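What follows is a set of notes on a single structure, which appears directly below.
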Amino acid sequence: MPELPEIEYCRRHVEKFALRRVVAKVMADDMWFLKGATSARALHEHLEGASFVDTGRIGKLLLLHTDRGDVLGMRFGMTGTLVIDAAPAVGDLQYSSHRFLDDWNRFSMVFEDGGVFAINDPRRLGGVELDPDLSHMGTDALDVDLATFQSLRRGKAAVKTWLMDQAHIAGIGNLIADELLWRVGIDPQRRAMSLSDDEVRALGEAVAPVVAELVERGGCHRGDIIPERHREGHCPRDGAILRSQRVNGRTTYWCPQHQV
DNA sequence: ATTGTGGCCTGCCCGC
DNA sequence: TGCGGGCAGGCCACAA
């Protein structure tokens, strides 16, 4: 599913192919896809005639800045990706389809030059929002430092749940959480507050570099443990059979040998 | 404030 | 060969 790396590819895709093209028409017929107070009418009024001049990203939230000062926020849920002029920003998305049917374009814009910008999302778990509220978002996973992890010492929830809370760190989803905890050697079910100083430091020092490495490798599904996240999967480090259980309502795999 | 739970969405995969 | 049930997880509403 799209986590931080995939959204970063979408952002780069916009930088490369969508800036400074004038929006002629907005197609926002799927009301479900409009989040917050955003209406189709507002999207027409704010975007038609405008062009995008800059991009941003906080965690899994993609931000497009228009020449009028508006910000268009985009979320891709679990199966969404960006398609510009029929070229997808992300080709191989785990758990999603490998096709891009026109029917799955939940929000799109036609440029004056005839090109099309679309969010293609089979499951409709993504959405768009005009001028989204960013005040409750945590630090982007690529920018975290040890100070970000202070509140982890008080957390009563599982350490994996803490990592996936976008108000703490923005950008970590289920796959990256499993990868991080596997690399640092921590049982995902452990209460956050039970981590030792050394463990907090190890985790804190791992997040940004590991996420950056996944961006380099080509996506969150390129993590070392991800190919083994299935029944009978083995730990790539010591060969133990991985354990699987739901943590925070999410399927979680970990190595009982070295994640303690 | 923090934490846990359930529901939303629908293509795909598996077993019958 | 078709069918139905379960699965996948990001996000949000809601309750305790």
Side-chain angles (χ1 to χ4, degrees), chain A residues 1-10 29-38 57-63 73-82 88 90 92-107 119-129 132-138 140-141 149-181 188-194 211 219-221 223 225-233 244-254:
Chain A
M1 80 297 313
E3 296 185 30
L4 188 150
E6 286 73 22
I7 311 307
E8 174 62 14
Y9 304 148
C10 289
D29 300 326
D30 188 347
M31 296 298 289
W32 164 260
F33 218 69
L34 311 184
K35 304 303 179 183
T38 305
R57 182 190 54 72
I58 304 176
K60 305 171 198 170
L61 178 65
L62 176 62
L63 301 168
M74 299 185 163
R75 295 186 178 280
F76 297 90
M78 173 183 171
T79 57
T81 190
L82 204 53
V90 181
D92 47 350
L93 205 52
Q94 202 160 34
Y95 302 123
S96 184
S97 172
H98 296 284
R99 298 174 296 158
F100 301 93
L101 304 187
D102 286 346
D103 277 354
W104 299 339
N105 286 343
R106 311 301 181 183
F107 170 84
I119 299 180
N120 194 265
D121 183 3
R123 299 224 339 239
R124 298 170 81 211
L125 289 168
V128 298
E129 186 173 2
D133 176 16
L134 309 177
S135 64
H136 295 105
M137 298 202 64
D140 187 80
F149 294 82
Q150 279 309 312
S151 74
L152 186 148
R153 300 169 177 282
R154 298 187 300 273
K156 289 184 190 168
V159 59
K160 176 171 177 177
T161 304
W162 190 92
L163 282 173
M164 289 179 65
D165 187 337
Q166 304 300 300
H168 296 142
I169 302 175
I172 297 178
N174 200 37
L175 298 187
I176 296 181
D178 276 8
E179 177 77 10
L180 280 167
L181 292 165
Q189 303 177 111
R190 291 259 307 275
R191 302 281 132 189
M193 65 196 307
S194 77
V211 174
C220 61
H221 61 293
I225 198 183
I226 309 306
E228 300 296 325
R229 290 179 83 263
H230 57 82
R231 281 170 60 91
E232 309 297 320
S244 171
Q245 201 164 310
R246 290 179 89 77
V247 176
N248 189 30
R250 298 290 169 251
T251 307
T252 301
Y253 288 85
W254 75 97

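Predicted model only: the values in this text are computed from it and were never measured. Naming: A, B, ... by sequence-line order, numbering from 1 per chain.
Of the possible polar contacts, one joining the A:Gln166 side chain to the A:Gly171 backbone as a donor-acceptor pair under 3.5 Å is found. The closest donor-acceptor contact from the side chain of A:Lys60 to the backbone of A:Arg57 lies at 3.5 Å or more, if one exists at all. Under a 3.5 Å cut-off, the side chain of A:Asn248 and the backbone N or O of A:Arg250 do not form any donor-acceptor pair.
Nearest nucleotide to the side chain of A:Thr251, out of B:dT3, C:dA8, C:dC12: C:dA8. With C:dA8, B:dC8, C:dC11 as the choices, the nucleotide that has an atom nearest any side-chain atom of A:Leu125 turns out to be B:dC8. Checked against B:dT3, B:dC8, C:dG10, the side chain of A:Met78 finds its nearest nucleotide in C:dG10. The nucleotide whose nearest atom lies closest to any side-chain atom of A:Ala157 is, among B:dG4, C:dC11, B:dC9, B:dG4.
Under 3.5 Å, the side chains of A:Asn120 and A:Thr81 contain no donor-acceptor pair of N or O atoms.
The shortest distance between the side-chain N/O atoms of A:Trp104 and the OP1/OP2 oxygens of B:dG11 is below 4.0 Å. The phosphate of C:dC11 has OP1 or OP2 within less than 4.0 Å of a side-chain N or O from A:Lys60. The side chain of A:Arg123 places no N or O atom within less than 4.0 Å of a non-bridging phosphate oxygen (OP1 or OP2) of C:dG9. Close to B:dT10, at under 4.0 Å from its OP1 or OP2, lies no side-chain N or O of A:Thr79. At least one side-chain nitrogen or oxygen of A:Arg124 sits closer than 4.0 Å to the OP1 or OP2 atom of B:dT10. The side chain of A:Arg229 places an N or O atom within less than 4.0 Å of a non-bridging phosphate oxygen (OP1 or OP2) of C:dG9.
Each of A:Lys160, A:Glu3, A:Glu179 was compared with A:Asn174 under the side-chain hydrogen bond (donor to acceptor under 3.5 Å, both in side chains) criterion, and only A:Lys160 meets it.
In this entry the distance linking CZ of A:Arg250 with P of C:dC12 reads 13 Å, nearest Å. Here the C1' atom of nucleotide B:dT5 and the CZ atom of A:Arg246 are 12 Å apart, to the nearest Å. The CE atom of A:Met164 sits 5 Å away from the P atom of C:dG10 (whole-angstrom rounding). Following rounding to the nearest Å, A:Glu3 (CD) and C:dG9 (P) show an atom-to-atom distance of 9 Å. One interatomic measurement links the two molecules: CG of A:Asn105 to P of B:dG11, which rounds to 14 Å at whole-angstrom precision. In this entry the distance linking CE of A:Met137 with P of C:dG10 reads 13 Å, nearest Å. C:dC11 atom C1' lies 9 Å from atom CH2 of A:Trp32, rounded to whole Å. When rounded to the nearest whole Å, the span between CG of A:Asp165 and C1' of C:dC11 equals 12 Å.
Residue contacts for A:Gly155: at a heavy-atom cut-off of 4.0 Å it reaches the sugar-phosphate backbone alone, with no base atom in range.
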